[in-house]
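Some notes on the structure that comes next.
Within every chain, numbering begins at 1; the chains are lettered A, B, ... in the order of the sequence lines, protein sequences first and strands thereafter. Values in this document were obtained by computation on a predicted structure and should not be read as measured data. All heavy atoms count here, side chains included; hydrogens, waters and symmetry mates do not.
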There are 2 protein chains.
Amino acid sequence: MSRVAQDVVSEVDLPAGEERSDGRSRRWDTHRAARRDDLTHAARRAVHHGGPELSMDEIATAIGTSKSIVYRYFNDRSGLQTAVGEAVMQDMGAALSEVSHRAHGPHEVVRAMVGVYLGMISSSPSVYAFVTRGGEAAGTAGPLSTLADDAAALLVPVLGDVLEERGGNRDGARMWAAGVIGFVRGAAEVWLAERIELEAAAADRATDDGADAADLDELADTLADWICAGTPASTPSRPTASRSTSPTS
Amino acid sequence: MSRVAQDVVSEVDLPAGEERSDGRSRRWDTHRAARRDDLTHAARRAVHHGGPELSMDEIATAIGTSKSIVYRYFNDRSGLQTAVGEAVMQDMGAALSEVSHRAHGPHEVVRAMVGVYLGMISSSPSVYAFVTRGGEAAGTAGPLSTLADDAAALLVPVLGDVLEERGGNRDGARMWAAGVIGFVRGAAEVWLAERIELEAAAADRATDDGADAADLDELADTLADWICAGTPASTPSRPTASRSTSPTS
DNA sequence: GCAAAGTACCTGATACTCTGAGTTTCATGA
DNA sequence: TCATGAAACTCAGAGTATCAGGTACTTTGC
């Protein structure tokens, strides 16, 4: 109970009486926020190195504290996940706003978003997995993956504009944005899996990160193109689609 | 160990000596396959009614047997998930091939795919969640969500054609398909969440399934359009994006 | 005004409960 | 010879509870 609409821990919201007269209480207020932040970032690092399946105990140990502390600051494992997700999201938001204010039109905004999202997922796949994994209970309700939702939110205004210009109402924008993020997610996961296979196969030259950055840019271009250019309404040359008519196998 | 490349259980692959001479052994071979199928479908039903979070014990009980049996036929919880996913996938494949052989061009194939996928996810969100949830361990490797992968596979040939016609090579098709499926998934999950909220809010008229079917078709149209038409490269009227300049709100 | 006593809260260690995954054993039966 | 299902088991990880410190503030008695 009481874990409903708060991600700051219960102690923080107990000022039912609006003033906190006692200095002994007040003295911790800033400390708590700071500590929570520290823990969040430390957890992020721990997961980055230790993988998304670290137990709470292991995370706590890696952070250099004990489980009781972690549970004091986060209601839940999924609370931790959410917090880390928010931290990641904050970085993404910053990176995006830095890039996208010089973007003209939806295509470039989408391209920026894709780039940022890909950068995040590829620079720290473990954190990505930790943040998107499971979380809330049912798949039928609740804040699905906060990260994806938040990322989508960044696209909503732009896509809303597009919808409006096309004569529709902006209401669909949220779904459209979720779709776009889903697209990136789906494609990126395949790409990640492929890259890991490749790396496992040819584990010769250790750090080919330079090539990776270029790869990433190229991939982002491709995805953005796919998202924005879409699929042609029908194959122009052969009307009945090359698939069913062609005598291949 | 030994759970790597097999989803049929160890008993089936134990013929290290290649022949099974004993009739008393062979007699069960067909039985086992049949039973596994039964269990898979029963589990699907159980999850459909009981939700995606049923424990193995609960699933077994709902099926009408005990955990030991379930574990005899599936290595793992994730083995069960995979099996159910394959069953769902089989249905989807059937539905899709029924619809899509009269589809001309990629747009219609995509539209068909979207319709089938949406139909599945909306007719049984619990099963959908069960099948896509977690499964394999790390987010960094392995068959992520078999369902999404398989669904994507159905799109690969069509999108490969498109790529080829555009002068690229077909290699990107897998990723593109994964992206498209991701799009549907992302959008559908938002839609589901919204629908559930609505239903919770106005739980007056019980069965508005008729309206739902129409909704679903409309949604499928919209999504397919978004996927195929994409986002315009730049807003035609105002070059610097309507967002920052327009005095709306 | 100032020490001492008391209070509010934080910390991290340890030990606990509880739940659910996966295993083993066994009596029954074809 | 093999399948079945019930029951009891192991094991790991989430989450809780307790406790002996520790530090900064408040209150009290002088």
Side-chain angles (χ1 to χ4, degrees), chain A residues 1-3 8-15 20-39 42-43 50-81 130 133-137, chain B residues 1-3 9-12 14-15 20-39 42-43 50-81 130 133-137:
Chain A
M1 9 242 75
S2 95
R3 83 186 186 302
V8 190
V9 159
S10 37
E11 287 138 33
V12 174
D13 63 72
L14 46 76
R20 268 288 203 47
S21 45
D22 201 329
R24 283 168 296 185
S25 293
R26 228 170 324 130
R27 106 172 228 240
W28 295 107
D29 287 355
T30 99
H31 167 80
R32 272 192 294 256
R35 186 88 209 271
R36 197 183 138 99
D37 248 49
D38 286 353
L39 288 177
E53 316 234 290
L54 286 180
S55 73
M56 292 301 270
D57 246 331
E58 289 169 322
I59 291 178
T61 310
I63 286 180
T65 182
S66 75
K67 218 170 30 157
S68 32
I69 296 301
V70 177
Y71 276 103
R72 198 193 304 286
Y73 280 92
F74 308 93
N75 292 312
D76 235 345
R77 176 172 242 264
S78 95
L80 217 203
Q81 290 171 314
F130 178 73
R133 236 1 116 180
E136 284 300 308
Chain B
M1 3 248 78
S2 96
R3 82 182 188 307
V9 157
S10 37
E11 285 142 32
V12 175
L14 48 76
R20 270 287 203 40
S21 47
D22 200 329
R24 279 168 299 185
S25 291
R26 228 170 323 126
R27 125 170 208 236
W28 293 106
D29 286 356
T30 98
H31 168 81
R32 272 193 293 256
R35 186 87 209 272
R36 197 182 138 99
D37 248 50
D38 287 353
L39 289 177
E53 317 234 289
L54 286 180
S55 74
M56 292 301 269
D57 247 332
E58 289 168 324
I59 292 178
T61 310
I63 286 180
T65 181
S66 76
K67 219 174 23 162
S68 34
I69 296 301
V70 177
Y71 276 104
R72 199 196 303 286
Y73 281 93
F74 308 92
N75 291 312
D76 238 343
R77 177 173 241 265
S78 95
L80 216 202
Q81 289 170 315
F130 178 73
R133 236 3 114 180
E136 285 299 308

A:Ile59 atom CD1 is separated from D:dA12 atom C1', nearest whole Å, by 15 Å
Residues passing the side-chain contact (heavy atoms from CB on, under 4.5 Å) test with B:Asp57, sequence neighbours excluded, are B:Ser55, B:Lys67
Looking at A:His31, does any N or O in its side chain come under 4.0 Å of the phosphate oxygens OP1/OP2 on D:dC25? no
Correct closest heavy-atom pair for B:Val70 and B:Ala60 would be CG2-CB, 3.8 Å
* Asked: Would a 4.5 Å heavy-atom cut-off, applied to side chains only, mark A:Arg32 and A:Arg36 as touching?
  -> no
Rounded to whole Å, CG of A:Asp22 lies from P of C:dG6 at a distance of 17 Å
For B:Arg35, the side-chain contact (heavy atoms from CB on, under 4.5 Å) test, sequence neighbours excluded, returns B:His31, B:Leu39, B:Thr65, B:Ile69, B:Tyr73
request  = Return no unless some side-chain N or O of A:Arg32 is found under 4.0 Å from OP1 or OP2 of C:dC10.
outcome  = yes
Separation of C:dG20 atom P from B:Tyr71 atom OH, nearest Å, is 12 Å
Rounded to whole Å, CG of B:Asp57 lies from P of D:dC9 at a distance of 15 Å
Shortest non-hydrogen pair, B:Ala43 vs B:Leu80, comes out as CB-CD2, 3.8 Å
Contact string for nucleotides 12-19 of chain C, one letter per nucleotide 5' to 3', B = base within protein heavy-atom range under 4.0 Å, S = sugar-phosphate only, - = neither, reads BB------
Contacts of A:Thr61 meeting side chain to side chain donor-acceptor pair (under 3.5 Å) (sequence neighbours excluded), chain-then-number -> none
In whole angstroms, the gap separating P of D:dG5 from CG of B:Asp38 amounts to 11 Å
Of all heavy-atom pairs linking B:Met56 and B:Arg77, the shortest is CE-CA, 3.8 Å
Next on the checklist: So B:Leu54 and B:Phe130, do their side chains get closer than 4.5 Å, heavy atoms only?
Outcome noted: no
For this session: Taking only the side-chain nitrogens and oxygens of A:Ser25, find out if one of them lies under 4.0 Å from OP1 or OP2 of C:dC9.
Result: yes
Could you list all N or O pairs between the protein and nucleotides 20-24 of chain D that sit under 3.5 Å apart?
residue : atom : partner : partner atom : Å
D:dT23  : O2   : A:Arg27 : NH1          : 3.2
D:dA24  : O4'  : A:Arg27 : NE           : 3.2
D:dA24  : O4'  : A:Arg27 : NH1          : 2.8
D:dA24  : O4'  : A:Arg27 : NH2          : 2.9

Rounded to whole Å, the CG-P distance (A:Leu54 to D:dA12) equals 16 Å
Taken to the nearest whole Å, CZ/A:Phe74 to C1'/D:dA14 is 16 Å
Taking C:dC10, D:dA14, D:dA3 as options, the one with an atom nearest any side-chain atom of A:Tyr73 is C:dC10
Counting only Watson-Crick and G-U wobble pairs with both atom distances below 3.5 Å, the stems of 3 or more consecutive pairs that include DNA chain D are C:1-30 with D:1-30
Rounded to whole Å, the CG-P distance (B:Leu80 to C:dG20) equals 16 Å
Hits for side chain to side chain donor-acceptor pair (under 3.5 Å) against A:Arg24, two or more places apart or cross-chain, chain-then-number order -> A:Asp22
Hits for side-chain contact (heavy atoms from CB on, under 4.5 Å) against A:Ser68, two or more places apart or cross-chain, chain-then-number order -> A:Ser66
